[in-house]
There are 2 protein chains.
Amino acid sequence: MQTGVQAANGKLTKADKTRARLIEVATRLFQEHGTDHVTVRRIAAAAKIEAGSIYYHFSSRDEILRAVLERGVGGAREEVMAAIAEAGADSSALVRLRAALGAHLKYTLRHHFSSRLKAIRRLPKRLRDHHMQQERDYAAIFARLLREAQREDLLRGGFDPSVVRMLTMGALTWVAEWYDPKGPLTPDEIADELMGVLTNGIVKP
Amino acid sequence: MQTGVQAANGKLTKADKTRARLIEVATRLFQEHGTDHVTVRRIAAAAKIEAGSIYYHFSSRDEILRAVLERGVGGAREEVMAAIAEAGADSSALVRLRAALGAHLKYTLRHHFSSRLKAIRRLPKRLRDHHMQQERDYAAIFARLLREAQREDLLRGGFDPSVVRMLTMGALTWVAEWYDPKGPLTPDEIADELMGVLTNGIVKP
DNA sequence: AACAATAACGAACAACTGTTAGATTTTCAT
DNA sequence: ATGAAAATCTAACAGTTGTTCGTTATTGTT
């Protein structure tokens with residue numbers, strides 16, 4: 001196995017490219033068929049190499065899954081943080097929340113990265129701990145935005161912020177289960193709807 | 001294999017009891033470890049019979065899964081409908097919606113029946129079609145409540161009801177992923193929070 | 001008590017799994 | 001062009017899976 005860190009000279013080695021391709025197709029296959037129904041042989045076939053060759057790049061099947069999860073959560077986190085930053089530190093916490101929701105949806109829907117991969121309870125224990133921590137960190141972004149909205153005195157009282165946060169994350173996560181890329185809805189429109197519910201509810205005042 | 005319809009005389013045959021026991025333990029195991037990580041041998045062991053004996057009651061492993069899904073969605077549907085009926089046909093559609101949310105959460109959390117079992121896209125195609133129809137029927141209950149609320153002129157405009165419905169179902173479904181039965185929250189309290197968000201949002205007027 | 005129907009056993013199966021290791025090819029600096 | 005290093009191939013392995021089937025035990029009716 002090799003480390004995935006590219007050679008010191010700027011060049012991308014052949015192994016770097018193969019490794020990246022493996023992660024790419026594995027992500028798609030995991031999402032499409034569920035982590036358990038994807039064998040190393042299928043990943044290999046999709047990446048146009050033989051099954052045994054995978055073990056030159058990854059020490060085990062679990063390592064592939066770990067790499068996929070790492071890149072997935074990490075990538076989403078980066079884009080969400082970028083969107084928040086772009087909204088501007090001086091903007092309302094609600095504007096930043098809307099930006100975060102949109103970025104999250106755009107990333108997860110674009111990268112086929114969603115609930116399917118997040119059924120973390122069934123991961124091997126070693127992976128699970130690390131991934132759950134990553135997941136908690138990610139959720140903390142949204143928790144922080146809610147707290148800031150509260151501090152800016154934008155929120156009404158009488159609700160449990162942590163429960164609302166988890167309900168929101170659930171709604172968000174589940175989108176990948178019903179979203180149809182060929183349908184009329186854009187990720188941003190879904191984010192608008194969700195933000196609308198959070199802002200006003202759906203009931204007449 | 002046998003049909004599961006109990007003998008004409010009121011008696012429950014031994015096979016009826018075994019079959020029921022198999023479905024029961026399979027439901028728990030599927031939920032606990034994920035559908036894919038549960039082998040027929042584990043189900044058999046949990047039901048205190050041998051693996052081969054399962055095929056006297058079910059023609060295949062998929063048939064067990066089908067039975068579990070059938071009873072799960074069917075059971076939830078029954079309890080939700082009952083809760084709506086109990087709320088009274090003359091009550092506000094919002095009151096009935098609140099009752100439906102509570103019943104759904106109580107059932108799914110009590111019966112360990114949740115998203116884990118609902119990763120329907122990865123089901124064998126034959127099962128998937130039937131189960132997706134059942135799922136659509138179930139979602140239609142909530143769609144109907146929203147429509148009735150609209151007819152009763154309780155809802156503000158400016159949102160897409162079908163998107164809001166799916167976001168709500170997502171929040172609902174995902175609860176089973178984070179809910180801790182030993183924690184302080186009751187299913188009813190979660191339903192209250194969700195209903196609160198739907199009603200008023202979380203932002204100051 | 002005897003007998004047929006019912007229910008469960010238990011050993012075997014073929015297919016598929018992740019993984020290994022030695023042989024083979026490709027890559028690239030010299 | 002040559003040789004070493006890097007990358008891939010190929011065949012095999014041990015274990016697990018769903019399933020089958022002939023045998024055995026249990027049940028309920030006469």
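This structure is a prediction, so every number in the text was calculated from the model and none was measured. Values below: all heavy atoms of this structure, side chains included; hydrogens, waters and symmetry mates excluded. Here is the naming used below: chain letters follow the sequence lines, and residue numbers restart at 1 for every chain.
- Side-chain N/O atoms of Y56(B) include none lying less than 4.0 angstrom from OP1 or OP2 on dA8(C).
- Contact between the side-chain N/O atoms of T18(A) and the OP1/OP2 oxygens of dA7(D) is not found at any separation under 4.0 Å.
- A salt bridge is absent between E24(A) and R28(A); no separation between the charged side-chain nitrogens and carboxylate oxygens falls under 4.0 Å.
- The phosphate of dG10(C) (OP1 or OP2) has no side-chain N or O of S53(B) nearer than 4.0 angstrom.
- Rounded to whole Å, the distance from NE2 on H57(A) to P on dT20(C) is 15 Å.
- R151(B) pairs by the side chain to side chain donor-acceptor pair (under 3.5 Å) definition with nothing, not counting sequence neighbours.
- As a whole-Å value, the separation of F58(A) CZ from dT20(C) P is 15 Å.
- Across all non-hydrogen atoms, the minimal contact from H104(B) to Y138(B) is ND1-OH, 2.5 Å.
- Nearest nucleotide to the side chain of I49(A), out of dC9(D), dT19(C), dC9(C): dC9(D).
- dT20(C) atom P lies 15 Å from atom CZ of R61(A), rounded to whole Å.
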Quiz: residues 189-199 of chain A side-chain donor-acceptor pairs under 3.5 angstrom, not counting sequence neighbours:
from, atom 1, to, atom 2, distance (Å)
E189(A), OE1, T186(A), N, 3.0
D192(A), OD1, R98(A), NE, 2.7
D192(A), OD1, R98(A), NH2, 3.2
E193(A), OE1, D160(B), N, 3.1
E193(A), OE2, D160(B), N, 3.2
T199(A), OG1, M195(A), O, 2.5

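- If you check residues 38-46 of chain B against DNA chain D, the residues with a heavy atom closer than 4.0 Å are V38(B), T39(B), V40(B), R41(B), listed by number.
- In this structure, L65(B) atom CG and dG18(D) atom C1' are separated by 14 Å, rounded to whole Å.
- The separation between K48(A) atom NZ and dA7(D) atom C1' is 19 Å, rounded to whole Å.
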Kindly list each side-chain donor-acceptor pair under 3.5 angstrom involving residues 39-51 of chain B, sequence neighbours excluded, with atom names and distances?
from, atom 1, to, atom 2, distance (Å)
T39(B), OG1, R41(B), N, 3.4
T39(B), OG1, R42(B), N, 3.1
R42(B), NH1, H37(B), O, 2.9
R42(B), NH2, H33(B), ND1, 3.3
R42(B), NH2, H33(B), NE2, 3.2

Using residues 79-92 of chain A as the side-chain source, report each donor-acceptor pair under 3.5 Å to any protein atom, sequence neighbours left out, with the distance given to one decimal.
from, atom 1, to, atom 2, distance (Å)
E79(A), OE1, R110(A), NH2, 2.9
E79(A), OE2, R110(A), NH2, 3.2
S91(A), OG, A87(A), O, 3.3
S91(A), OG, G88(A), O, 2.7
S92(A), OG, L94(A), N, 2.9

Nucleotide N/O to protein N/O under 3.5 Å, stretch nucleotides 22-25 of chain D:
none

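- Rounded to an integer number of Å, the gap from Y55(B) OH to dT17(D) P is 12 Å.
- D129(A) and Q133(A) share no donor-acceptor pair across their side chains, judged by distance under 3.5 Å alone.
- Residues E135(A) and H131(A) have side chains that bring a donor and an acceptor to within less than 3.5 angstrom of each other.
- Residue I54(B) contributes atom CD1, which lies 13 Å from atom P of dT17(D) at whole-angstrom precision.
- The shortest side-chain heavy-atom distance between L155(A) and V203(B) falls under the 4.5 Å cut-off.
- Between the CZ atom of R19(B) and the C1' atom of dA7(C) there is a distance of 15 Å, rounded to whole Å.
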